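Here's the structure, in structure tokens; my notes come after.
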Amino acid sequence: MAELLSIKGLVSGYRHLKVLRSVDFSVGQSGITAIIGPNGHGKSTLLKTIAGLLPTWSGEMVFDGAPLPKGAPERARRGLTLVPQGDQLFTGMTVEENLMMGAFSRSDQRAVRGTLDTVFALFPRLHERRTQRSESLSGGERRMVGIGRGLMADGKLMMIDEPSLGLAPLIIEQIYEALGQIAADGRAIVVVEENPSRVAKVADRFHLMDGGAFAWSGTTAELETSSEIIKTYLGA
Amino acid sequence: MDALIQILVSGLTLGAMYALGAVGLALTFGTMRMFNMAHGVFMTIGAYAAFSTVTYFGAPLLVALLMGILAGGVIGALMHLLVVQFMLETEDFEINVLVATAGVGILLQDFLLKVYGGYPFSQPVQVEGIFRIGGVAVTYQSVVILVLATVLISALAWALTRTKFGMAIRATAMNREAAMLMGVRTSRTYLQVLIIAGMLAGAAGILISSLSTLSPEMGQNPAVRAFVICVVAGLGSVTGAGIAAIALGLFEAAIQYYFGVRYGLPLMLALVVVVLIWRPAGLFGTQEVVRS
């Protein structure tokens, strides 16, 4: 089966600062792919470039059989979803309004309602709080809204930037349990994490990012046997 | 009692006009972080468009009113398409767009002066006549102003909270990048916002000129008030701008009644200073203020 996302020689950065040197990256039709590595080496930059928030300096990106269009809105409409770092919720809107914004580019309202039920089933807490403004939520609940809003797009690929950032260990476990369930439904997910131990249980493919390029790539089994490399990079 | 009715009537009339001007400005700033310095000229253009429709084409008042509002929308759209959209991604957008819109404003005002001259025309788009509430004479035009402002602002409020198009505007205002990630084409959203702000300004211009006269610089004073109202309300708060406009209209009417017309604006500005010392982010502002 063809890859869902295939990237060759991607170079990108902020203004004049080159961050991604040359990234080759591909994602299959399902399962969780994890991008790990220390902070400040281009993990978020990669996701933002793929999502279209940052311009591509050079390189090729093919998604679902066609080159990616220009601009974040068009890419979102093609089914490429990014759950950005720090949630970036619409703070003045309620939980339900936030979730419905996730389905902005969908027109079949019946199917959207169906997805909303799925999201509420996955995160029952959000159903309880659906009329509450998102700024009054706890950190864990906000993360759930962020991920739920990503799910509402019903896209083909969901990229999540540091889902564990700033959360208590117990909440992180809940979030990853949910991600595992989403992936079990046959959806493709890309997760960025600083520390691989959190994603090790659910992800099936790993890329270690260092200095704007992948320094190591492998499966879960390979990650276990090459733990020395990982330790060197992450200082764990 | 009559005094109270008098203040209420003229205060609400003033407040309704201020609200029409301020709400559009607040929406523009809230969504795009753009201070439209040409907002006052948008009002003037609406007023002159309505005037010309009646004077040169003999159209009925309702048509003239619609033409004035439409002209405001068109000038808003042109502002986005010819100027603003090219500046959106520039560094220091807020400053650039401030200077650019100020320039466009001056240009348009001079253009109006060239075409119509400086003669203060009276606005034909108004309803004449008065009726009495108790001992107070109320013009039908005040009623028209109140009704039109209420209808337009309610329509905007409905659109912003109940329609998908409005949700896109609010989402863009709250978090532009996140809105783009949801598939909102923010450049189109900005165009829509400037059209709406232009239409509201056009309507405000027609109403304002109906109480005084038409002149190329007629938009300046109302624009200053609209800016002041936005600052008092808290920059970008649309609901706040509406409420602050009504409140300041009533305040100004009371001052005018008890102290005289010329004290209206200065005392209103004094009140604004007091409010900003007490609440630097404005009455309804959510922006955090850092004081050193």
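Per chain, numbering begins at 1; letters A, B, ... match sequence-line order. Note that the coordinates shown come from a computational prediction; the quantities given were computed from them, not determined experimentally.
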Heavy-atom neighbours of B:Ile95 CD1 exceed 12 at 6.0 Å: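 No - once you tally the heavy atoms of other residues, nucleotides and ligands closer than 6.0 Å, there are 12 at most.
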
Closest non-hydrogen atom pair, [X] against [Y]:
X        : Y        : answer
B:Met167 : A:Met93  : O-CE, 3.7 Å
B:Leu181 : A:Ala51  : CD2-CB, 4.0 Å
A:Ala76  : B:Gly183 : CB-N, 3.7 Å

Which atoms of A:Leu80 approach chain B - backbone, side chain, both or neither, heavy atom under 4.5 Å: neither

B:Met182 CE to A:Phe90 CZ distance, which is reported to the nearest 0.5 Å: 5.0 Å

Heavy-atom contact with chain A under 4.5 Å, split by part of B:Ala173: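 For B:Ala173, no heavy atom lies under 4.5 Å from chain A.
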
Beyond-backbone contact of A:Met101 with B:Val184, side-chain heavy atoms, under 4.5 angstrom: yes

All donor-acceptor atom pairs under 3.5 Å, backbone and side chain, chain B-chain A:
residue  : atom : partner  : partner atom : Å
B:Lys164 : NZ   : A:Phe104 : O            : 2.7
B:Lys164 : NZ   : A:Arg106 : O            : 3.0
B:Asn175 : ND2  : A:Gln88  : OE1          : 2.9
B:Gly183 : O    : A:Arg77  : NE           : 2.7
B:Gly183 : O    : A:Arg77  : NH2          : 2.7
B:Arg185 : NE   : A:Glu74  : OE2          : 2.7
B:Arg185 : NH2  : A:Glu74  : OE1          : 3.0

